[in-house]
Each structure stands twice: as C-alpha cells, then as structure tokens.
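Below you'll find the structure, written out as structure tokens, and then a few comments.
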Protein chains: 2
Amino acid sequence: MSKKQQLLKAAEDKVRTGGYNNFSFRELADEIGIKSSSVHYHFPTKADLGAELARQYTDNFLANLGSPEDLVVQGKKPIEVYLQQFQCALTEDQKMCLCGLLGAETDGLPDKVKLQTQRFFEQNIQWLTQAYALDERNTEQQATNRAVAALSLLEGAMLVSKAMNDNSIFITASAGLLEAR
Amino acid sequence: MSKKQQLLKAAEDKVRTGGYNNFSFRELADEIGIKSSSVHYHFPTKADLGAELARQYTDNFLANLGSPEDLVVQGKKPIEVYLQQFQCALTEDQKMCLCGLLGAETDGLPDKVKLQTQRFFEQNIQWLTQAYALDERNTEQQATNRAVAALSLLEGAMLVSKAMNDNSIFITASAGLLEAR
DNA sequence: GCTTAATTATCTATCAGTAGATACACAGGT
DNA sequence: ACCTGTGTATCTACTGATAGATAATTAAGC
C-alpha cells in the first residue's frame with residue numbers, strides 16, 4: 001500500500017472516531033513513519049486530504065454494494081444487503097460511518113469536504129431509491145421517500161449504537177427495515 | 001444571563017456546528033468579552049465544560065417535553081410532540097442535535113463528556129418507551145424497540161438533513177413515525 | 001549504454017498561530 | 001478577612017503550512 005493510501009487509512013480511523021478535527025498531519029505522519037511536511041506533498045492542504053477521504057469512502061462503499069438489479073439477479077434482497085453493509089461498518093470497525101460523522105458536522109467543514117460528504121448521501125439515496133423502485137408496488141415518489149427514511153434510520157442507528165456503546169441497538173433499531181416491503 | 005451561561009450557549013453553538021473539537025476557550029472568551037483564563041475559573045478543564053454542556057442540554061430537552069402522561073392528558077400525542085421538538089432544534093437553530101453529534105464522536109471524547117452524552121440517550125429512550133407503552137397494544141418489549149427505532153430515525157433524519165442541507169428531508173424521513181401506532 | 005534532465009518522494013528546519021492550562025495579582029462585594 | 005470573578009502574563013505543546021535541500025526513480029537524447 002502506498003504511503004498516500006496509508007495516510008488515508010490512518011486519517012479514516014481518526015475521523016471516524018472523533019470527527020474531522022480529530023487528526024493532524026503530524027499524527028498521521030508519525031503513524032506511518034514519515035514527516036508531516038511529506039504529508040503536504042501528497043495532500044497540499046488538510047481540506048484536500050479530507051475531500052479525498054470522503055470521495056474514496058463513497059466510491060468504495062458503493063462498489064462493495066453492487067447495483068440493486070444485480071443483487072436481485074443473484075437472489076439477494078438489496079435492502080438486506082445494504083443493511084448488512086452498514087452493520088459491518090459498525091461491528092467490524094467498531095466505528096461510525098465516515099460520512100455520517102462528517103455530515104453531522106458539515107457546517108464546520110471546508111467546502112470541498114462538505115461537497116464530497118454531500119455526494120455520499122446523494123449516491124446512497126439514489127441507490128436505495130433504485131432498490132425500492134424494484135418493488136413495483138412502490139411509486140417513484142414512495143421509493144424516494146423510503147430511501148431517505150432507510151438511510152436516516154441506518155445512520156441514526158449507528159449513531160445511537162456508538163453513543164450507547166451497544167451494537168445490539170443497531171439490530172433493534174433497524175429491524176423494521178426488513179419487515180416493511 | 002451569567003457569564004457562565006453565556007459561555008455554555010456560545011459553546012453549544014460551536015459544538016452543534018462542528019463537534020467537540022470545534023471550540024476553544026479563547027474563542028468563547030472573545031465572544032462574550034472575557035479572557036480565556038477566566039473561562040478556566042468557571043470550568044477547570046475543557047472536559048468539564050463539555051460535560052456540563054451535555055448535562056444541561058439533556059435536562060432542558062426533557063424539561064421542554066414534559067412527561068408523556070401529561071401530554072396525553074392535554075390531548076396531545078407524545079410522539080408528535082417529540083418529533084416536533086427534534087424538528088424545531090433543526091429548523092430554528094439550523095443545527096444538529098448536540099448529543100447526536102457528540103454521540104457520533106463518542107470514542108474521541110473525554111470520559112465525563114461521553115458519560116453525559118450517554119445519559120441523553122438513556123433518558124430519551126426511557127421517555128419514548130413510556131410514550132409507546134401508553135398504547136396498550138404494545139408489549140413492554142415492543143415499546144422499548146419502538147423507542148430505540150424512533151430515536152435512531154430522528155437523529156439520523158437530522159444528520160442527513162444537515163449533510164444534504166435540506167430540512168425537507170427531515171419531514172420525509174420522519175413521516176413514518178406519525179402513521180405507525 | 002551512458003548522460004542529462006525532469007519528476008517523485010522524502011527530509012530538515014522553521015514559521016506564525018493557536019491549543020489548554022497555570023500562577024499570580026487585583027478589584028469589588030460580603 | 002474572605003470569596004467571587006476577572007485580568008495579566010506566561011508556559012509547553014501542538015497546529016497547518018512553507019522553504020529549501022536531498023535522495024531515488026524515471027524518461028529523453030545522443
């Protein structure tokens with residue numbers, strides 16, 4: 001893994017733990033064994049690093065999901081897969097969703113970071129809307145509404161689970177998603 | 001309003017905008033016209049200020065709600081009132097829930113702040129559980145589950161609304177709460 | 001194949017600014 | 001005299017950022 005990717009990985013851990021202001025170039029540099037000035041070579045400013053972080057996180061998140069249509073072809077239920085991906089982010093990493101945290105503190109972020117964070121939510125709502133639209137009982141409007149509600153519920157369930165330090169809360173809170181069509 | 005309360009108010013704005021690391025004693029002091037050393041008089045450490053902030057926020061939040069039973073007596077639906085209180089926090093202040101943000105970054109917080117943040121969620125789940133238990137069709141377990149889900153949905157709806165900079169998302173996401181019993 | 005030139009990635013050293021925190025003095029009210 | 005609240009002055013540590021030097025790698029020209 002390149003130093004650049006190592007930097008992003010280290011930064012992701014810090015941000016998902018305590019937000020955008022919870023990492024410094026020096027910390028990252030120390031962690032991967034270079035000097036803080038070298039971090040500026042890869043990312044001119046902290047905002048550049050933050051924006052790239054959110055961008056990659058979004059792309060990876062969606063790439064790991066696959067398209068809703070493909071999942072159905074594979075005999076899987078898109079919403080279940082989606083829920084599972086959120087749950088893994090919480091239980092395996094023991095951390096909040098990167099963009100969930102950034103989204104919460106959006107008004108305190110540099111513009112380019114804010115923009116990439118917004119993109120995460122746009123793309124996820126789009127994905128979920130497609131997923132819900134596969135059920136023909138849903139109108140287009142209903143699909144969008146359900147998408148927004150599902151995303152909100154999952155981000156919130158993560159947040160509350162973290163706050164209470166109890167991952168079973170995520171299960172309880174998100175159970176409703178599986179019952180509803 | 002005492003300087004101490006002014007400090008807490010200024011800190012609340014900062015934290016609700018960008019998290020716990022988004023304010024400094026100097027900023028707060030400048031804003032209310034005293035010196036940073038004087039802030040240390042009121043709050044020995046930053047953690048003390050943060051903990052007191054979360055404590056007061058929780059107490060005010062619950063006090064403004066009143067008890068679920070009383071609301072019913074007044075002919076109001078507790079869940080509707082509860083939702084309304086969240087919505088006001090978002091639309092009037094144009095800011096995220098204080099403890100929602102702190103909860104998301106809980107692992108990066110001093111212990112005493114973490115503890116007070118946790119208390120917010122405990123008390124809110126308790127309140128919602130009581131509210132749902134007033135409908136006798138709900139078992140005790142169902143009431144708790146619904147409480148956790150409702151809290152998660154509302155915190156998440158706030159978060160997504162902030163991230164997308166669109167308060168109508170909150171309405172869309174939380175609409176389901178009013179239909180369900 | 002060798003030399004030169006450019007690019008990449010790192011270093012050392014340093015900057016001005018800010019962080020939280022402390023010691024101590026001082027005023028005003030009780 | 002004491003307590004409350006504030007101020008001055010200062011400390012150490014850390015922040016993001018920059019300048020300039022130095023290896024290490026790659027590409028181009030002959």
Side-chain angles (χ1 to χ4, degrees), chain A residues 1-56 101-102 105 107-117, chain B residues 1-56 101-102 105 107-117:
Chain A
M1 192 164 52
S2 71
K3 293 285 184 189
K4 189 167 182 172
Q5 278 305 313
Q6 287 180 52
L7 284 171
L8 287 168
K9 179 79 200 81
E12 182 183 322
D13 284 351
K14 305 268 186 200
V15 176
R16 288 179 65 186
T17 296
Y20 181 74
N21 293 315
N22 197 43
F23 78 93
S24 73
F25 275 32
R26 276 180 175 73
E27 275 181 321
L28 300 188
D30 287 349
E31 231 163 88
I32 72 164
I34 60 174
K35 297 295 168 181
S36 73
S37 55
S38 302
V39 182
H40 282 282
Y41 170 77
H42 298 285
F43 306 99
T45 69
K46 185 173 178 174
D48 290 317
L49 197 162
E52 176 66 10
L53 187 57
R55 203 191 57 75
Q56 282 201 11
L101 224 169
L102 291 178
E105 54 186 15
D107 289 337
L109 296 178
D111 280 347
K112 53 174 65 175
V113 182
K114 197 183 314 193
L115 221 68
Q116 288 301 324
T117 304
Chain B
M1 192 163 53
S2 71
K3 292 287 183 188
K4 188 167 183 173
Q5 278 307 311
Q6 287 181 50
L7 284 171
L8 287 169
K9 179 79 200 81
E12 181 184 321
D13 284 350
K14 305 268 186 199
V15 175
R16 287 178 66 184
T17 296
Y20 181 74
N21 293 315
N22 198 42
F23 78 94
S24 73
F25 275 32
R26 276 181 177 73
E27 276 180 320
L28 300 189
D30 286 350
E31 233 164 85
I32 71 162
I34 60 173
K35 297 295 168 182
S36 73
S37 56
S38 301
V39 182
H40 282 281
Y41 169 77
H42 297 286
F43 305 99
T45 70
K46 184 173 179 175
D48 289 319
L49 196 163
E52 175 66 9
L53 188 56
R55 202 190 58 74
Q56 282 202 10
L101 224 169
L102 291 178
E105 54 187 17
D107 289 337
L109 297 179
D111 279 347
K112 54 174 65 173
V113 182
K114 196 183 316 193
L115 220 68
Q116 288 301 324
T117 304

For atom CG of B:Asp30 and atom P of C:dG20, their distance in whole Å: 12 Å

Could you please name the option among C:dT10, D:dG16, D:dT6 that lies closest to any side-chain atom of A:Lys46? D:dG16

So, is B:His40 near the phosphate of C:dA23, with a side-chain N or O under 4.0 Å from OP1 or OP2? no

Specify the residue among A:Pro44 and B:Ser36 whose closest nucleotide of DNA chain D lies further upstream toward the 5′ end. B:Ser36

Tell me: CZ of B:Phe43 to P of D:dG5, nearest whole Å? 12 Å

Flag yes if more than 12 heavy atoms outside B:Lys3 fall under 6.0 Å of its NZ atom; otherwise flag no. yes

Atom NE2 of B:His42 to atom P of C:dG20: distance rounded to whole Å? 16 Å

Does B:Lys46 reach the main-chain N or O of B:Phe23 with its side chain, forming a donor-acceptor pair under 3.5 Å? yes

note: B:Asn22, atom CG; C:dT18, atom C1'; distance rounded to Å ~ 14 Å

With rounding to the nearest 0.5 Å, note down the distance linking CG in A:Leu109 to CG in A:Leu115. 11.5 Å

Check: B:Ser37 side chain, D:dT6 base, donor-acceptor under 3.5 Å: no

So what does A:Ser24 touch, heavy atoms closer than 4.0 Å: a base, only the sugar-phosphate, or nothing? sugar-phosphate

Of the listed C:dA9, D:dT6, D:dA17, the closest approach to the A:Thr45 side chain comes from D:dA17

A:Lys35 near the nucleic acid: base, sugar-phosphate alone, or nothing, with a heavy-atom cut-off under 4.0 Å? base

Side-chain contact, heavy-atom cut-off 4.5 Å: B:Leu28 with B:Lys14? yes

Could B:Lys4 and B:Tyr41 be counted as a cation-pi pair, given that NZ or CZ must be under 6.0 Å from the ring centre and within 45° of the axis? no

Rounded to whole Å, CD of B:Glu27 lies from C1' of D:dT15 at a distance of 14 Å

Within this structure, what is the CG-to-P distance between B:Leu28 and C:dA21, rounded to whole angstrom? 12 Å

For B:Arg26 and D:dC11, what is the distance between atoms CZ and C1' respectively, to the nearest whole Å? 11 Å

For A:Phe23, answer base if it contacts any base atom (sugar-phosphate contacts may also be present), sugar-phosphate if it contacts only those atoms, and nothing otherwise; contact means non-hydrogen atoms under 4.0 Å. sugar-phosphate

When you measure from the side-chain N and O atoms of A:Tyr41 to the phosphate of C:dA9, is any distance below 4.0 Å, counting only OP1 and OP2? yes

Euclidean distance, atom CG of residue B:Leu7 to atom P of C:dG20 [Å, nearest integer]: 13 Å

Please classify the nucleic acid contact of B:Phe25 as base, sugar-phosphate, or nothing, using heavy-atom distances under 4.0 Å. sugar-phosphate

